[in-house]
Amino acid sequence: MSRDVILSIKNLSKNYELSGAFTRGKDVVHAVENISLEIHEGETLGIVGESGCGKSTLGRMIVRLEDPTDGSIFFEGRDLAKESSRALRLIRKRLQMIFQDPYASLNPRRQIGKIVEEPLRIHGMGKQERRAIAIDLLKKVGLDENSYEKYPHEFSGGQRQRVVIARALSLNPKLVVADEPVSALDVSIQAQVLNLFKDIQRELGLTYVFIAHDLGVVRHVSDRIAVMYLGKIVELAPADDLYEKPAHPYTQALLSANPRMDESDSRVRIILTGDIPNPINRPDGCVFNPRCPKAADICRTTAPALLQIGTRQVACHFPD
Amino acid sequence: MLSRDKRSWISLGILFTVLFLSLIAPLYASSIAHTDPFVSTLNATININGETKQVLEASTEGLGLGVTPIGPTWNPSAYFLGADNQGRDVAARLLYGGQNTLFIGSCAALLTISLSLLIGLIAGYRRGIVDSILSRMLDVIWAFPVYLLSISLSVVLLTSGLSLGFIHIGAGSIALPIFIIGIVYIPYVARPIRGQVLALREREFVRAAVGSGAKHSTIIFREILPNVMPSVLVFIPIMVALAMLTESALSFLSIGVQPPSASWGTIINDGLALLYTRPIVALAPGLMIVLTAASLNLYGDAVRDALDPKTRGRGDS
């Protein structure tokens, strides 16, 4: 499985400065801290973590909807983090994003067809051609031709998310970042949309970055999975390895919290105590140490690096 | 739907009647009433039922000073609503006054709304320092009560006129109240628009447009503006009503429309001296103002309800 690297992230960080009237620049939130990552062509990389762990920020930086504070993102031989907004306009054709809320991501005052073909219009395609492509895409995502003239409010959440997918595909992208694309949908609809994702990937050879907090969903679609905690990747492994034998204590806790449809489930539940720390006052050493059942002295002083162990990468002093 | 709303039909009916009557003012003055409503006729007489009467009778009450103009004859061909104390036909002046009041009200409202839309879009979209500067400028206007500011501006500019760069407004021109009223209401419209733009900007469909490589102009005109337009449409009738009221107030204080031109405000002022003997002179324009402003507000309500997606039926947009 040595496929070409399509996108590579080096030491990427994003800080938000919280500035009140009297506290300008005092508090800094480290949303994403020093992440390095490679995404291979044609794979689906799942990113999981609790809310606030920086996974959405990471996703948005990959498509440069958010400017990184530090680090670089190499895509097609160029560093996206340093490109001007003019140059980005062309690169954006090959990097698309799918958002979490299908109700907020479609302009309520425009027809579905116009929404789908808008990216093509932006990049200067003619009217007839655009329309043909839009109708094609609508069919591809399982909507019929008549939806071209309809408005978003006439559709359900699942159908809207199909429209969002069609729009993301309109520019024929190579990499699609999907930020919790099914978490706003009913469980019965989730499976349909996930299968649509898989079908389209097979057909078009797309690469996905799939952000989610639902481990079941991520396992279903991902080839590799990165687990994030407080702005850092704590474990990165092929999906099956991660689920079979999680190495990082946080991954173990996360997986043990995931219910299984299995009566003979005899796993030991790992209950994490305490809350996720405030990202303004991050703990010294390993960011997970205040909640970690294995924490030792070294964990409170030295942050573990993300090291390769077999097929996986783990950031822990005492991996399993 | 607007077309099914009874309120919109009633208010539009009243508004169009008032507008129509105002527009035929010259026709009414020249062909029906045979009078020039801008010239004092101190010694005119008219013939009512074979009796010849002075239009301006010397007052017999009190000290016998001043005059009592003729009252309403309810006859369209002569002094339908009577005369004012310069012997001018009140009905004709009322129609001419309607022209001015409606024209100034509409122009001022359009000026307010177009400038507010511009400011709101720029401030809400650019955010940061641009937003801060524009918002503080709005605050400066906001800090004054509307009437106080428009009265002060009118008093100052009435005699001198206004020269701002390439804009030159002569003293006594009706462009002056349009300009003044147009400016003083800007914060009341621009602020809510700015707020909406700020909120829309963060919506995911705007991010999706950014992610597709859309230019700023594309995002503003194709994604944000269509979502702001409904509230702008709701503002129009309400702002016309407010601007009209302000115009009438300024004219009543003799710092709006200047004589011999008329507006509903100036006619009320004319009627002030005749309040005890000929109350109709002040009442008629007052009633017109109330009727028009109420209809505009009613229409504004109907428009708002029609554009509210929660009350709108599914499938018709």
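Throughout, protein chains are lettered first and strands after them, A, B, ... in sequence-line order, and every chain is numbered starting at 1.
Of the atoms belonging to A:L95, it is backbone heavy atoms, and not side-chain ones, that fall under 4.5 Å from chain B. With a threshold of 4.5 angstrom between heavy atoms, A:L88 does not approach chain B through any atom at all. Within the 4.5 angstrom heavy-atom criterion, only side-chain atoms of A:R167, from C-beta onward, approach chain B. No part of A:R86 comes within reach of chain B, as not one of its non-hydrogen atoms sits under 4.5 angstrom from that chain.
Closest non-hydrogen pair, B:A214 versus A:I122, comes out as CB-CD1, 3.4 Å. Annotation for B:R207 and A:F99: closest pair CB-CZ, 3.6 Å, computed over non-hydrogen atoms. The minimum heavy-atom distance between B:R222 and A:N107, with the atom names listed, is O-ND2, 3.5 Å.
Note on A:R121, A:R60, A:Q100: by heavy-atom pairs under 4.5 Å with chain B, the leading option is A:R121. Taking B:G211, B:P226, B:A209 one by one and counting their heavy-atom pairs under 4.5 Å with chain A, the maximum is reached by B:G211. The greatest number of non-hydrogen atom pairs below 4.5 Å with chain B, out of A:Q96, A:K150, A:M97, is found for A:Q96.
Within 6.0 Å of the CZ atom in B:F221, the count of heavy atoms belonging to other residues, nucleotides or ligands does not exceed 12. Applying the 6.0 Å contact sphere to CE of A:M125 captures more than 12 heavy atoms from other residues, nucleotides or ligands. Within 6.0 Å of atom CD in A:Q128, 12 or fewer heavy atoms from other residues, nucleotides or ligands are found, so the atom counts as exposed in its surroundings. Within 6.0 Å of atom OH in B:Y188, more than 12 heavy atoms from other residues, nucleotides or ligands are found, so the atom counts as buried in its surroundings.
The side-chain heavy atoms of B:E204 and A:L106, taken from C-beta on, include no pair separated by under 4.5 Å. Looking at heavy atoms from C-beta onward, B:S212 lies out of side-chain contact with A:K93 at the 4.5 angstrom threshold. Contact of the A:P108 side chain with the B:F205 side chain is registered, since non-hydrogen atoms from C-beta on lie closer than 4.5 Å.
Salt-bridge check for A:R109 with B:E223: failed, with every basic side-chain N at 4.0 Å or more from each acidic carboxylate O.
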